[in-house]
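Working notes, structure below.
Every chain is numbered from 1 and lettered A, B, ... according to where its sequence line falls, protein lines coming before strand lines.
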Protein chains: 2
Amino acid sequence: MARKQGSHSDITGPKVQAAALRLFAQHGFAAVSMRQIASEVGVQAGALYNYTPDKQTLLFELLRTHMEALLKAWDSIERPIDPLAALKCFTEFHIAYHSDRPDQVFISYMELRNLSAENFAQIQALRRGYEQILEDILHAGHDSGLMNVPDIRVTSMALIALLTGLNNWFRESGRLSLADIQGQYWLMVRGAVAAVDQT
Amino acid sequence: MARKQGSHSDITGPKVQAAALRLFAQHGFAAVSMRQIASEVGVQAGALYNYTPDKQTLLFELLRTHMEALLKAWDSIERPIDPLAALKCFTEFHIAYHSDRPDQVFISYMELRNLSAENFAQIQALRRGYEQILEDILHAGHDSGLMNVPDIRVTSMALIALLTGLNNWFRESGRLSLADIQGQYWLMVRGAVAAVDQT
DNA sequence: GTCTATAGTGTGATAGAC
DNA sequence: GTCTATCACACTATAGAC
C-alpha cells in the first residue's frame, strides 16, 4: 500500500531532474507541463517547487549540469600531445560521451532558445569552452603542418556538427557497434582536415 | 487611416504563413500562440482559421512546402554523372539552398516532434527522399572506386549533418562569403570520402 | 515534504454579427 | 474575410493544512 504523504527529499530530487530531462527531450520544454513532470515522478505539481524555484531554472540546471560534466570528463582523460592523435582522441571521446547521453545532448541543442537571457549566456560560455578544446587542437595541427585547416572556426564548427549529428540516428542497439562508429567517423574527420588542394 | 474590416484573402494567406514561420523558428511551435501569429499579421486570432483548420496543420504545411520545394529545386538543376563531380554539386547546392532559408531549415529539424503521427510520416518520407539523393551518389562513388565509403548510410548521415550544421552559425553578413564556405566545405567533404586507411 | 485548493492568466478553437 | 465575444480547459505558481 503506497504512502500518500512523507519525506523523500533524497530520492525525489533526482527523480524530478530525471523526469524533466526525459520529458523535455521527448516533447520539448514548452510542450511539457509541471503537472506532467509531477505525474512522472509520482507527486502532485505543488511538490516540485521544493526542488526548483520555477520551470525555467529546472531547464537551466539540466543544461548546466550536462555542460559542466562534459568539460570535466574531458579534463579527466589523458590527451596526446601530437595534434592528429589529439584529434582522434577528441573524436572518440565526443562520440562515446554524447552517444551515451542522447537526452542531455538533445535538449542542449534544442532548448537553448527557451533559456532566459542570463541563463543562455552562461550555457553559451560553457559551450564555447568546449568548442575551444577542438579549436586548440586544430590550431596546433595547422601550425605543425599536419593538418590542412584554412579557417579554424569553420572547421571546428563543421566537425562538431558532423560528430554531434550521430545522435540524430545512432542507437546503440543497432547493427553497428560504438567502436565501428568511432572508426568510421575518425576516417572522415581525419580526411576532412587532411585534404590537400586539388580540383 | 487603416481599415478595420474587409477582404484580404490574397495577401493575408501568405502573411499568415510567413508570420508563423518566423515565430515558430524564433520561439518554437509550442511556445507560440495563435494570438501572437495573428498580432504579427495584423488581424484577430479568429481570422487565422480562414487559412488553416488548426495550428498543427499550419506547422505541417510549412514543413511540407519546404521539403517539396527542396526536392524540386534539386530536380531542376543539372547533375554531373561523375560521382565526385556530383558530390561537389550536391555539396554546393545544399549549402546555397539551406543557407538562404534558415528559418525553414530550423523548423524542419526542430519541430518534427510536434507533428502528429500521420503528418510526421509524410515529412519523414520527403526527408528520406532527399537523403536518398546523397546515398545514390555515394553508392556510385563507392562502386567506381572513386570514394572510400565503408557504410553508405553512416557516411550520408554524417555528411548531411556536417553540411546542415552550417546553419547553426553562418550568417551571410559575416566575414566569409558563400563561395568561401562552399569551397571549404567541399574540401572537407571530399576529404571525408577520400580518406584511405592508415593509422 | 507533500498534499489540496485556488488565484490569475493564457490557450485553441468556435459562433454569430457585419 | 474579419470582427468581437466566449466556451471550456490548461497553465505556472502559491497558500496553508497536515
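- Remark: E131(B) engages R153(B) in a salt bridge, criterion side-chain N to carboxylate O under 4.0 Å.
- Relative to the side chain of Q44(A), the nucleotides dT4(D), dG1(D), dC3(C) differ in distance, and dC3(C) lies closest.
- Cation-pi check for R127(B) over Y109(B) is met; the charged atom lies under 6.0 angstrom from the ring centroid and within 45 degrees of its normal.
- When the side-chain nitrogen and oxygen atoms of T12(A) are compared with OP1 and OP2 of dG1(C), none of them lie within a distance under 4.0 Å.
- Following rounding to the nearest Å, R35(B) (CZ) and dT14(C) (P) show an atom-to-atom distance of 13 Å.
- Comparing P53(A) and S33(A) along DNA chain D, the residue whose closest nucleotide (by nearest heavy atom) sits nearer the 5' end is S33(A).
- Atom CD1 in I37(B) sits roughly 12 Å away from atom C1' in dT11(C) (whole-Å rounding).
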Margin query: Assess the residue pair M147(A) and L138(A) against the criterion (side-chain contact (heavy atoms from CB on, under 4.5 Å)); give the C-alpha distance rounded to whole Å, side-chain angles, the decisive distance to 0.1 Å, and a yes or no.
Written below: CA-CA 7 Å; M147(A) 300 178 194; L138(A) 296 176; 4.0 Å; yes
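- When rounded to the nearest whole Å, the span between NE2 of H27(A) and P of dC11(D) equals 12 Å.
- For N50(B), the listed nucleotide lying nearest its side chain is dG1(D); candidates were dA13(D), dG1(D), dG12(C).
- In this structure, W74(A) has its ring center under 6.0 Å from that of F90(A).
- Note on R128(B) versus E135(B): salt bridge recorded, some NZ/NE/NH1/NH2 to OD/OE distance being below 4.0 Å.
- In this structure, N114(B) atom CG and dG12(C) atom P are separated by 12 Å, rounded to whole Å.
- Residue contacts for V32(A): at a heavy-atom cut-off of 4.0 Å it reaches the sugar-phosphate backbone alone, with no base atom in range.
- Applying the 4.0 Å criterion to OP1 and OP2 of dG1(D), one finds that Y51(B) has every side-chain N and O outside that range.
- Residue L48(B) contributes atom CG, which lies 15 Å from atom C1' of dT4(D) at whole-angstrom precision.
- Rounded to whole Å, the distance from CD on Q56(B) to P on dA13(C) is 9 Å.
- Candidate nucleotides dT2(D), dA13(D), dA13(C) were compared by shortest atom distance to the side chain of K55(B), and dA13(C) ranks first.
- One atom, OH of Y49(B), and another, P of dG12(C), lie 6 Å apart when rounded to the nearest Å.
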